[in-house]
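Read through the structure below, which is laid out as structure tokens, and then see the notes.
Residue numbers begin at 1 in each chain, while the letters A, B, ... track the order of the sequences. What you see below is based on every heavy atom in this structure, not just the backbone, and it leaves out hydrogens, waters and symmetry mates.
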Amino acid sequence: MRIATWNVNSLNARLPRVEEWIDYARPDVLCMQETKLADAAFPSMAFSALGYEVASHGDGRWNGVAIASRVGLEDVARGFEGPADDQGARLVAATCGGVRVHSVYVPNGREVPGEHYDAKLAWYDELLAYLERTSKPTDKVAVCGDFNVAPDDRDVWDPAAMVGSTHVTGPERDRLRALEEWGLVDAFRLCYAQDQLFSWWDYRAGNFHKHMGLRIDLVMVSRPLAEGVTYAVIDRNARKGKQPSDHAPVLVDIDI
DNA sequence: ATGGTTGCGAAGCAA
């Protein structure tokens with residue numbers, strides 16, 4: 001199974017790039033974030049034309065997540081049905097080809113300290129509680145998306161410049177580790193150990209061309225899937241050219 | 001140097 005995740009930063013603005021990317025990457029499952037579309041406005045026909053079923057969870061202007069699958073799409077669940085849903089439409093789950101897939105858009109956190117930062121940590125806690133009650137680590141589980149945390153300093157363009165900033169603080173990284181302790185594995189790190197491999201670059205100040213980025217888009221998989229990971233890549237080409245998202249898609253191949 | 005750019009939506013906010 002080829003599973004991918006991409007923060008598209010508005011599916012309406014990005015649809016031509018997403019269609020182009022699907023056409024050459026041919027993922028079996030594509031998790032998207034920041035669709036910025038209400039479910040009623042989701043371009044389902046565009047995905048249908050490419051052979052994909054879609055499940056979306058969006059309330060319009062901000063946030064919004066979706067899963068596109070060409071290997072089946074069953075038992076769709078939207079949100080936590082809990083307090084963290086107040087932070088927007090940021091979670092959708094579905095069973096695709098025998099894998100319980102989650103597309104997540106973790107809150108940014110903004111300032112440290114701050115109420116949005118605290119809410120981000122609470123969102124992580126609710127994600128862990130959700131996984132604990134809906135899946136088992138011995139199941140085939142994938143949690144894919146924009147985690148808005150760089151797992152360690154290899155994932156940061158200049159760790160010294162970012163000390164104390166959101167995306168790199170201890171409490172945020174502890175939340176990622178708690179997901180790992182539950183049983184998830186950062187699939188990209190099964191394939192690459194080196195630093196300076198990023199998935200997001202600020203639009204501003206030519207950061208992409210200056211290699212000033214972060215790796216915050218992750219495919220986290222349970223051990224039964226981790227054992228089958230054969231390949232991973234961050235497709236930097238999708239960050240180039242006309243009207244790119246500020247994130248690149250992350251793709252993982254898994255023998256199931 | 002608290003800069004710079006994009007998306008949404010029509011001014012300012014979020015990222």
* **Interatomic distance where OH belongs to A:Tyr105 and C1' belongs to B:dG7 [whole Å]** => 12 Å
* Asked: Where each residue is assigned the nucleotide of DNA chain B containing its nearest heavy atom, which of A:Pro107 and A:Asp202 is assigned the position nearer the 5′ end?
  -> A:Asp202
* Asked: What is the distance, rounded to the nearest whole Å, between atom OH of A:Tyr203 and atom C1' of B:dC8?
  -> 13 Å
* Asked: Cluster question for you: counting only ILVMFWY and a side-chain heavy-atom cut-off of under 4.5 Å, with indirect links fine, are A:Val65 and A:Val106 together?
  -> no
* To do: Would you name the heavy atoms of A:Ala4 and A:Trp21 that are closest together and state the gap between them?
  => CB-CH2, 3.6 Å
* Could you state the CD-C1' distance from A:Gln87 to B:dA15, rounded to the nearest angstrom? -> 15 Å
* Using atom CH2 of A:Trp200 as one end and atom C1' of B:dT6 as the other, report the distance to the nearest whole Å. => 12 Å
* A:Ser10 vs B:dT6: side-chain N/O to OP1/OP2 distance below 4.0 Å -> no
* If you measure from the Lys or Arg side-chain nitrogens to the Asp or Glu carboxylate oxygens, is any gap between A:Lys210 and A:Asp202 under 4.0 Å? -> no
* Asked: What integer number of Å spans the C1' atoms of B:dA11 and B:dT6?
  -> 16 Å
* To do: With the side chain of A:Asn12 defined as its heavy atoms from C-beta on, choose the nearest nucleotide among B:dA14, B:dA15, B:dC8.
  => B:dC8
* Among B:dA14, B:dT5, B:dG7, which is the nearest nucleotide to the side chain of A:Asn9? -> B:dG7
* Using a heavy-atom cut-off of under 4.0 Å over every strand shown, decide if A:Phe208 touches base, sugar-phosphate, or nothing. => nothing
* Asked: 5'-most contact on DNA chain B: A:Asp246 or A:Thr35, nearest heavy atom basis?
  -> A:Thr35
* Side chain of A:Arg61 - closest among B:dG4, B:dG9, B:dA15 -> B:dG9
* **Between B:dT6 (P) and A:Lys36 (NZ): distance, integer Å** => 13 Å
* In whole angstroms, how far is the C1' atom of B:dA1 from the CZ atom of A:Arg204? -> 14 Å
* Side chains of A:Trp6 and A:Asp146 in contact at under 4.5 Å (non-hydrogen atoms) -> no
* Asked: Tell me: NZ of A:Lys242 to C1' of B:dT5, nearest whole Å?
  -> 18 Å
* Asked: What interatomic distance, in whole Å, is found between C1' of B:dG4 and the corresponding atom of B:dA15?
  -> 13 Å
* To do: For A:Asn207 and B:dT6, give me the distance from atom CG to atom P, rounded to whole Å.
  => 12 Å
* Measure centre to centre between the rings of A:Phe208 and A:Phe198, then say whether the value is under 6.0 Å. => no
* What integer number of Å spans the C1' atoms of B:dG9 and B:dA14? -> 13 Å
